[in-house]
Trainee: 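The structure under discussion is supplied below as structure tokens; questions concerning it will follow.
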2 protein chains.
Amino acid sequence: MAVTRKIPTIQDVARHAQVSAATVSRVLSSPERVSETTRKRVEEAVRATGYTINQAARSLRMRSARTLLLAAPDVGNPFYSTIVEAVIGTAGQHGYGVLVASRLGDDPNRWLSDYLNSNRADGLLLFDGSLDTSRLHDLGGAEGLPLVAAYDEPPDPAVHSVLIDNREAARRVVQFLHGLGHRQIGHVSGLSRNQSTNERLLGFETEMRALGLKIVPEWVVPGIYNMESGLGAVRKMVASGHMPTAIFAANDEMAIGVIRGLREAGLSCPGDVSVVGFDDIAVASYYDPAITTMHQPREAIGRIATEALIEIIEGDVSEERPRHVMLKSELVVRDSTRRLG
Amino acid sequence: MAVTRKIPTIQDVARHAQVSAATVSRVLSSPERVSETTRKRVEEAVRATGYTINQAARSLRMRSARTLLLAAPDVGNPFYSTIVEAVIGTAGQHGYGVLVASRLGDDPNRWLSDYLNSNRADGLLLFDGSLDTSRLHDLGGAEGLPLVAAYDEPPDPAVHSVLIDNREAARRVVQFLHGLGHRQIGHVSGLSRNQSTNERLLGFETEMRALGLKIVPEWVVPGIYNMESGLGAVRKMVASGHMPTAIFAANDEMAIGVIRGLREAGLSCPGDVSVVGFDDIAVASYYDPAITTMHQPREAIGRIATEALIEIIEGDVSEERPRHVMLKSELVVRDSTRRLG
DNA sequence: GAAACTCACGCAATCGATTGCATTGAACTC
DNA sequence: GAGTTCAATGCAATCGATTGCGTGAGTTTC
């Protein structure tokens, strides 16, 4: 049996400072309402007793936990982890803690709903567009539970969101490759349950058509956003007997897999095939070749989404008109692409 | 002003089922103490009202939050993110949520202590050996706050820990390189505030001496565990005028930086210099060349540490005899190393 | 048939912080 | 100097779930 420490309560502080608990509470939350003499005495008592507030009691009374719930499909992914970092930092600055739920890790049965409605978290940051609308409603999205979707587009436009323009970004990738003289362009897309995947695919197709380029079915292969699937996608293309001169992968990890697959097939990147990734994860600039990619403002996505959520929680934003922030992504040209001919 | 939803309480359920709140509580926590008829009626009422427990109230009364605090120096790092994933998964299986604090992100002033002693978390998983002993004591490590240190060694041996044998692993790396015929071996170490860094450095030095190899000061360069610092370390070696035939980097990211730095200097890996990393992050096997590295059981570290912490919290483990789990790491030989001559 | 016992459930206190309202005493007004 | 105002503080209810203790009905025992 563990020895239970005696944790000082607000009553202990009150006794020590010879005031009531109410006064101690006021010193802590609205010091201007307490006389200077008393305030100093209480502050001293807080120090002397080593008092820290009991959040459980505060949450119960205040009906707020000062905690955000972050839900991402896969926290282990380097893309998300940067975002998580930004969320934790921003939340911390505002005095909020961050509970992290990862779909992969969590028991799907208790998934999100248990966390909410239970005063464990005041709002939800959803980095997973694959949750369907009815699910969002269950979670209270439409019933007033503060909710901000980020990075991946939610099916429900009534939800606040912080996104990048995936379709536009994908079009710019195709334009860039076209500008380098490429006419035979393939695409390794991601998980189709993610809206952002579909947007990137759509952007690819739209721009290919706009430029009068032929979309070759063998060159449009789905992946699952990891390196293995990028490798697998290239193997399929190789097996089909003919190769494009450029491949646009829907994220950097698949781009890495693609480059490795090319090498495996005796093809060089960018010599034989140019490759463009998406996200600009840390290793992209250090890979060999350094990968040309669509840089995403991951830190900004995490920060802005968190700030928006906190504003909503604290009542600064009307729920009526959903806020939609669209951030810009930027093409970073490195060594995995080259001018044709 | 946001519309506040009416969240059903245990009283609402009680009214609906025409029993007392106490009975509802019992149905939820020890159903065997309630008669079958009543139990069914209450269960139906729970469903009908959509009741979910108010964790704040429960925590207050029970003095437990069913939440773990995970503290890592840098959640954005791909090494840690896998561990985080495992922790969340394991905790979830046991009904615990995970609050994540990242040193980089968090306001250093509120850092850890505020989270604890405040009934926000029942225990601490510390993935950061750089916190000094006095700090640990402040956090209650010795006063009964459930605490498990993992991955990085805590200065205080009275703390439960789940570690790998960094020194031994580093020695095995040197032995391996020696076995390939390398005699001139360099080391890029990590942040010296981390105990694991020092252990790896010590293991390197010990084995070098044991094998009668000369430790060249210009070839032992500190880094900060990122790719940039690996690159910087190689630049320093190059600037010194002579190069080792093999470099052991204290993590994979620095190994990547090292390889890139070699290329920049017109040297090839493994042709001119063999490189060994540490950790075996996902990209290690997909890098060009695929990196020889010390594989660490990251998932196991996260899982075992979490299980241990929960056992301690729930009183299954005596605090008296600290538990020290030492996991094995394994050398994975890939293409960044070659036999000399 | 009464004592002893068991089972199912309700009552009410409790966890610790917050806050509307009441109280006190001092300062100020005419 | 009596009345008014105001600042500072205390009192006590409240948030929602848990649990020790008590009660009443039903069952068993001799």
Side-chain angles (χ1 to χ4, degrees), chain A residues 4-43 45-46 49-67 95 114 116-122, chain B residues 4-43 45-46 49-67 95 114 116-122:
Chain A
T4 342
R5 288 168 303 159
K6 169 61 189 166
I7 298 173
T9 72
I10 201 170
Q11 321 289 343
D12 299 326
V13 178
R15 211 169 310 124
H16 195 280
Q18 314 210 53
V19 294
S20 72
T23 301
V24 176
S25 176
R26 280 189 277 256
V27 168
L28 265 31
S29 54
S30 44
E32 75 282 359
R33 300 198 26 170
V34 178
S35 76
E36 172 137 3
T37 336
T38 315
R39 188 176 350 124
K40 288 206 168 143
R41 196 144 39 87
V42 170
E43 281 163 355
V46 167
T49 53
Y51 171 73
T52 52
I53 200 168
N54 182 320
Q55 272 294 340
R58 181 173 213 273
S59 298
L60 175 58
R61 176 64 219 236
M62 306 281 283
R63 306 168 150 284
S64 106
R66 291 195 88 70
T67 297
D114 275 13
L116 305 163
N117 299 63
S118 63
N119 241 290
R120 295 192 106 188
D122 306 321
Chain B
T4 340
R5 288 166 304 158
K6 169 61 190 166
I7 297 173
T9 72
I10 201 169
Q11 320 289 343
D12 298 326
V13 179
R15 211 170 309 125
H16 194 280
Q18 313 210 53
V19 294
S20 71
T23 301
V24 177
S25 176
R26 281 190 275 256
V27 168
L28 266 31
S29 53
S30 43
E32 75 284 359
R33 301 196 28 172
V34 179
S35 75
E36 172 138 4
T37 337
T38 317
R39 191 182 341 130
K40 287 206 169 144
R41 196 144 38 87
V42 171
E43 281 163 356
V46 167
T49 52
Y51 170 74
T52 52
I53 200 167
N54 182 320
Q55 271 295 342
R58 181 173 213 273
S59 298
L60 174 59
R61 177 63 219 236
M62 306 279 285
R63 308 168 148 285
S64 109
R66 289 195 86 72
T67 298
D114 276 13
L116 306 163
N117 298 64
S118 64
N119 241 289
R120 293 192 108 190
D122 306 322

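Excluded from the calculations below are hydrogen atoms, water molecules and symmetry mates; all remaining heavy atoms, backbone and side chain alike, are included. Keep in mind the model is a prediction, meaning the values are calculated, not measured. Labels below follow one simple rule: chain letters A, B, ... track the order of the sequence lines, proteins then strands, and each chain is numbered from 1.
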Trainee: Is any side-chain nitrogen or oxygen of A:S59 closer than 4.0 Å to OP1 or OP2 of D:dC15?
Mentor: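 For D:dC15, neither OP1 nor OP2 has a side-chain N or O of A:S59 closer than 4.0 Å.
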Trainee: Which residues, if any, of residues 22-31 of chain B bring a heavy atom under 4.0 Å of DNA chain D?
Mentor: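 Here the set is B:A22, B:S25, B:R26.
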Trainee: Distance check, rounded to the nearest 0.5 Å: B:L60 atom CG versus A:N54 atom CG?
Mentor: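 B:L60 CG to A:N54 CG: 6.0 Å, rounded to 0.5 Å.
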Trainee: Figure out the CZ/P separation between A:R120 and D:dG16, and round it to whole Å.
Mentor: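 Going from CZ in A:R120 over to P in D:dG16 covers 18 Å.
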Trainee: Whole angstrom is fine here: how far is it from CG in B:N54 over to C1' in D:dC15?
Mentor: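 About 8 Å, once rounded to whole Å.
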Trainee: Roughly how far, to the nearest 0.5 Å, is CD of A:Q55 from OG1 of B:T67?
Mentor: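 Spacing of OG1 (B:T67) from CD (A:Q55) equals 11.5 Å.
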Trainee: Output the rounded distance in Å from CG (A:D122) to P (D:dC15).
Mentor: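 For the pair A:D122 CG and D:dC15 P, the rounded distance is 19 Å.
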Trainee: Check whether any side-chain nitrogen or oxygen of A:Y51 sits under 4.0 Å from OP1 or OP2 of C:dG16, and answer yes or no.
Mentor: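 It does not, given that no N or O in the side chain of A:Y51 lies less than 4.0 Å from OP1 or OP2 of C:dG16.
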Trainee: Quick one: CZ on B:R120 to OG on A:S59, what's the gap to the nearest 0.5 Å?
Mentor: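 Answer for the CZ-OG pair, B:R120 versus A:S59, is 7.0 Å.
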Trainee: So how far is it from B:S20 OG to B:R15 CZ, rounded to the nearest 0.5 Å?
Mentor: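 The CZ atom of B:R15 is 12.5 Å from OG of B:S20, to the nearest 0.5 Å.
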Trainee: Return the nearest nucleotide to the side chain of B:S20; candidates are D:dG16, C:dG10, C:dA8.
Mentor: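 The answer is C:dG10, which lies nearest to the side chain.
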Trainee: Taking only the side-chain nitrogens and oxygens of A:R63, find out if one of them lies under 4.0 Å from OP1 or OP2 of C:dT18.
Mentor: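 For A:R63, the contact criterion (side-chain N or O under 4.0 Å from OP1 or OP2 of C:dT18) is not met.
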Trainee: Which nucleotide in the list D:dA17, C:dC15, C:dA17 gets nearest to the side chain of B:L60?
Mentor: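 Shortest atom-to-atom distance from the side chain points to C:dC15.
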Trainee: Closer to the 5' end of DNA chain D via nearest nucleotide, is it A:R61 or A:E36?
Mentor: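 Going by which nucleotide is closer to the 5' end, it is A:E36.
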Trainee: Could you tell me the separation between the CZ atom of A:R39 and the C1' atom of D:dT9, rounded to a whole number of Å?
Mentor: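 So the CZ-C1' distance, A:R39 to D:dT9, works out to 14 Å.
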Trainee: Nearest 0.5 Å, please: how far is CE in B:M62 from OG in B:S29?
Mentor: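 Answer for the OG-CE pair, B:S29 versus B:M62, is 7.5 Å.
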Trainee: Just how far, in rounded Å, is C1' of D:dG10 from CD of A:Q18?
Mentor: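 After rounding, the gap between these two atoms is 15 Å.
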Trainee: When you match B:A57 and B:T37 each to their closest nucleotide on DNA chain C, which lands nearer the 5' end?
Mentor: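 The residue mapped nearer the 5' terminus is B:T37.
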Trainee: Indicate yes or no: at least one non-hydrogen side-chain atom of A:V42 is less than 4.5 angstrom from one of A:V34.
Mentor: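 A side-chain contact under 4.5 Å is absent here.
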Trainee: For A:R39 and A:V27, indicate whether the former's side chain and the latter's backbone hold a donor-acceptor pair under 3.5 Å.
Mentor: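 No, because the side chain of A:R39 does not come within donor-acceptor range (under 3.5 Å) of the backbone of A:V27.
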Trainee: How many Å lie between CD on A:Q55 and P on C:dA17, as a whole number?
Mentor: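 My rounded result for the distance is 10 Å.
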Trainee: CZ of B:R58 versus C1' of C:dC15: gap in Å, rounded?
Mentor: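 It works out to 13 Å between those atoms.
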Trainee: Can you tell me how far P of C:dC15 sits from CD1 of A:I53, to the nearest Å?
Mentor: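 Whole-Å distance recorded here is 17 Å.
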Trainee: Starting at OG1 of B:T23, measure out to CD1 of B:I10 and round the result to the nearest 0.5 Å.
Mentor: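 Nearest 0.5 Å value for the OG1-CD1 distance: 9.5 Å.
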Trainee: Of the nucleotides C:dC15, C:dA17, C:dT19, which one has an atom closest to the side chain of A:I10?
Mentor: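 Nearest to the side chain of A:I10 among the choices is C:dA17.
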Trainee: Nearest to the side chain of A:T9, which nucleotide is it out of C:dG16, D:dT18, D:dG16?
Mentor: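 Among C:dG16, D:dT18, D:dG16, the one nearest the side chain of A:T9 is C:dG16.
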Trainee: Taking only side-chain N and O atoms of A:R33, does any of them lie within less than 4.0 angstrom of OP1 or OP2 on D:dA8?
Mentor: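 Negative; the distance criterion is not met.
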